[in-house]
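Accompanying notes for the structure given below.
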2 protein chains.
Amino acid sequence: MGVDPAILDQALDAFAAFLRSKRLKATEQRRTLVRAALEQPGHFTAENLHRAMVREGERVSLATVYRGLSLLEEAGLLEGHDFADGLRRYERALDREHHDHMICVDCRAVVEFQNPQIERLQEAVVKEHGFALHDHSLTLFVTCPGWRERKACERRDQWTRRQRANRR
Amino acid sequence: MGVDPAILDQALDAFAAFLRSKRLKATEQRRTLVRAALEQPGHFTAENLHRAMVREGERVSLATVYRGLSLLEEAGLLEGHDFADGLRRYERALDREHHDHMICVDCRAVVEFQNPQIERLQEAVVKEHGFALHDHSLTLFVTCPGWRERKACERRDQWTRRQRANRR
DNA sequence: ATATCTGCAAATGTTTTGCACTTTT
DNA sequence: AAAAGTGCAAAACATTTGCAGATAT
């Protein structure tokens with residue numbers, strides 16, 4: 001459990017600079033939030049993060065986590081995604097290359113991929129229309145072989161259980 | 001005002017067949033919903049549609065519109081999108097070719113585009129990973145020239161007003 | 001007759017906010 | 001001291017649901 005200390009320092013510094021530039025305050029909760037967010041593996045929601053922090057004994061409210069996540073995203077430390085299930089998800093962005101996502105409609109596994117050709121074509125499309133590309137969101141909804149061939153996928157049970165407990 | 005009558009008939013028939021196949025009932029509200037949905041220009045939300053129907057004197061509840069939209073999507077008459085602003089949007093799908101979207105982050109204008117090369121590359125990526133492509137969502141967030149050059153865009157006022165009145 | 005629908009109001013689940021109190025600057 | 005942040009509980013928001021009466025098969 002732990003992030004590369006160099007990355008963490010870089011992140012804390014970058015965030016401190018961001019806060020200074022906006023005349024916002026460097027509070028204990030915000031520093032803690034940076035650390036906790038970087039420790040999250042893969043994609044996480046506000047509640048995931050809050051739970052993880054509470055589990056580790058931090059005293060932060062969910063409201064502060066929400067407010068902090070917006071800030072971390074604005075500062076470029078995190079990237080936010082909308083996977084069309086009603087929950088906003090975040091992932092570390094600082095030391096990671098850009099990528100898009102494939103997500104299995106059955107087991108909800110998320111796989112990252114990069115495709116420079118697609119990126120280039122997106123630029124071309126935008127330019128053709130006289131616009132400027134600001135950002136993009138590409139998600140491929142797929143079915144994984146586990147589910148197709150064996151009607152079984154370890155991840156699915158976990159997911160459907162979560163779905164039932166916490167559906168929208 | 002008014003859809004091509006041939007398209008409307010085709011849609012009503014297709015929907016009737018869909019309902020029959022699922023042993024669901026062909027109610028007046030559902031038929032009305034098909035007509036109203038096809039009349040909507042571009043992308044619309046559940047509330048847009050409900051308002052339009054009420055304006056035209058129909059007596060439908062918002063709940064029924066929500067239930068109906070799911071059905072229309074399942075039947076393939078409509079396509080649903082998540083443009084990451086917290087509202088689900090729909091558009092006519094029956095007589096329209098597949099396309100993706102470019103949306104201006106300032107004025108919220110939506111422009112459709114098609115790019116067969118991107119589609120092909122998506123297939124390739126998925127195949128490489130041993131998955132099967134089920135569906136995809138590609139949205140390019142752009143800035144339009146109107147806003148960039150003149151800091152003005154007719155559409156923007158409309159949008160920001162809506163934002164304030166109806167924000168999430 | 002029976003299964004499904006509808007409208008309504010209430011519930012849901014995520015995210016945001018107002019406010020009184022703390023903490024940074 | 002002033003400005004901004006925090007936790008809490010309450011609000012906001014889009015969407016879903018339980019139920020009782022209405023409608024389609």
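As the structure is a prediction and not an experimental result, all values here were calculated from the model.
Atom NZ in Lys22(B) sits roughly 11 Å away from atom P in dC5(C) (whole-Å rounding). Atom CG of Asp82(A) is separated from atom P of dT14(C) by 14 Å (rounded to the nearest Å). Atom CD of Glu58(A) is separated from atom C1' of dT6(D) by 15 Å (rounded to the nearest Å). Atom-to-atom, CD of Glu47(A) to C1' of dT12(C) comes out at 14 Å; the value is rounded to the nearest Å. Whole-Å rounding puts the Asp85(B) CG to dT15(C) P distance at 14 Å. The separation between Arg88(B) atom CZ and dT14(C) atom C1' is 17 Å, rounded to whole Å. Counting to the nearest Å, the C1' atom of dA12(D) and the CG atom of Leu62(A) are 15 Å from each other. Atom NE2 in His50(A) sits about 12 Å away from atom C1' in dT6(D), given to the nearest Å.
Of all the heavy atoms in Gly76(A) and Ala93(A), the pair that sits closest is O-CB, 3.7 Å. Residue His136(B) comes nearest to Asp100(B) through the heavy atom pair NE2-OD1, 3.0 Å, listed as atom of the first residue, atom of the second, then distance. The shortest heavy-atom contact between Leu94(B) and Ala11(B) is CD2-CA, 3.7 Å. Residues Leu77(A) and Ala14(A) come closest through the heavy atom pair CD2-CB, 4.2 Å.
Using a 4.5 Å cut-off between side-chain heavy atoms of Ile, Leu, Val, Met, Phe, Trp and Tyr, with links allowed through other members, Leu87(B) and Leu62(B) fall into different hydrophobic clusters. Note on Val3(B): it clusters hydrophobically with Leu49(B), by side-chain heavy-atom contacts below 4.5 Å among ILVMFWY residues. By the rule that hydrophobic residues join a cluster once side-chain heavy atoms approach within less than 4.5 Å of another member, Leu8(A) and Tyr90(A) end up as members of one cluster.
Salt bridge present: Lys22(B) and Glu74(B) bring a charged side-chain N and a carboxylate O closer than 4.0 Å.
Contact annotation: Gln29(A) does not reach the phosphate of dT23(C) (side-chain N/O to OP1 or OP2, under 4.0 Å). For dG7(C), neither phosphate oxygen OP1 nor OP2 lies less than 4.0 angstrom from any side-chain nitrogen or oxygen of Arg59(B). Taking only side-chain nitrogens and oxygens, Arg30(A) comes nearer than 4.0 Å to OP1 or OP2 of dG5(D).
Contacts between residues 66-73 of chain A and DNA chain C, defined by a heavy-atom separation below 4.0 Å, involve Tyr66(A), Arg67(A), listed by number. Scanning residues 8-16 of chain A for heavy-atom distances under 4.0 Å to DNA chain D yields an empty list.
Glu79(B) CD to Glu73(B) CD: the interatomic distance, rounded to the nearest 0.5 Å, is 8.0 Å. Annotation: the span from Phe44(B) atom CZ to Glu91(B) atom CD amounts to 8.5 Å, rounded to 0.5 Å.
Crowding of His134(A) atom NE2: a count of heavy atoms from other residues, nucleotides or ligands under 6.0 Å not exceeding 12.
For Phe141(B), the ring pair (Phe, Tyr, Trp, His ring centres under 6.0 Å) criterion is met by no residue, not counting sequence neighbours.
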Identify each donor-acceptor pair in which a side-chain atom of residues 25-37 of chain A lies under 3.5 Å from a protein atom, sequence neighbours left out, and give them as a table.
| unit_1 | atom_1 | unit_2 | atom_2 | d |
| --- | --- | --- | --- | --- |
| Thr27(A) | OG1 | Arg30(A) | N | 3.3 |
| Glu28(A) | OE1 | Arg31(A) | NH2 | 3.3 |
| Arg30(A) | NH1 | Lys25(A) | O | 2.8 |
| Thr32(A) | OG1 | Glu28(A) | O | 2.8 |

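Checked by atom type, the side-chain pair Asn48(A)/His43(A) shows no donor-acceptor distance below 3.5 Å.
Mapping Arg23(B) and Val60(B) onto DNA chain C by nearest heavy atom places Arg23(B) at the nucleotide closer to the 5' end.
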For nucleotides 20-24 of chain D, list the nitrogen or oxygen atoms of the protein found under 3.5 Å from its nitrogen or oxygen atoms, one pair per line.
| unit_1 | atom_1 | unit_2 | atom_2 | d |
| --- | --- | --- | --- | --- |
| dA24(D) | N3 | Lys25(B) | NZ | 3.2 |

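Direction change of the helix axis from one end of the helix from dA1(C)-dT25(D) to dT25(C)-dA1(D) to the other is 30°, with five pairs defining each end axis (rounded to 10°).
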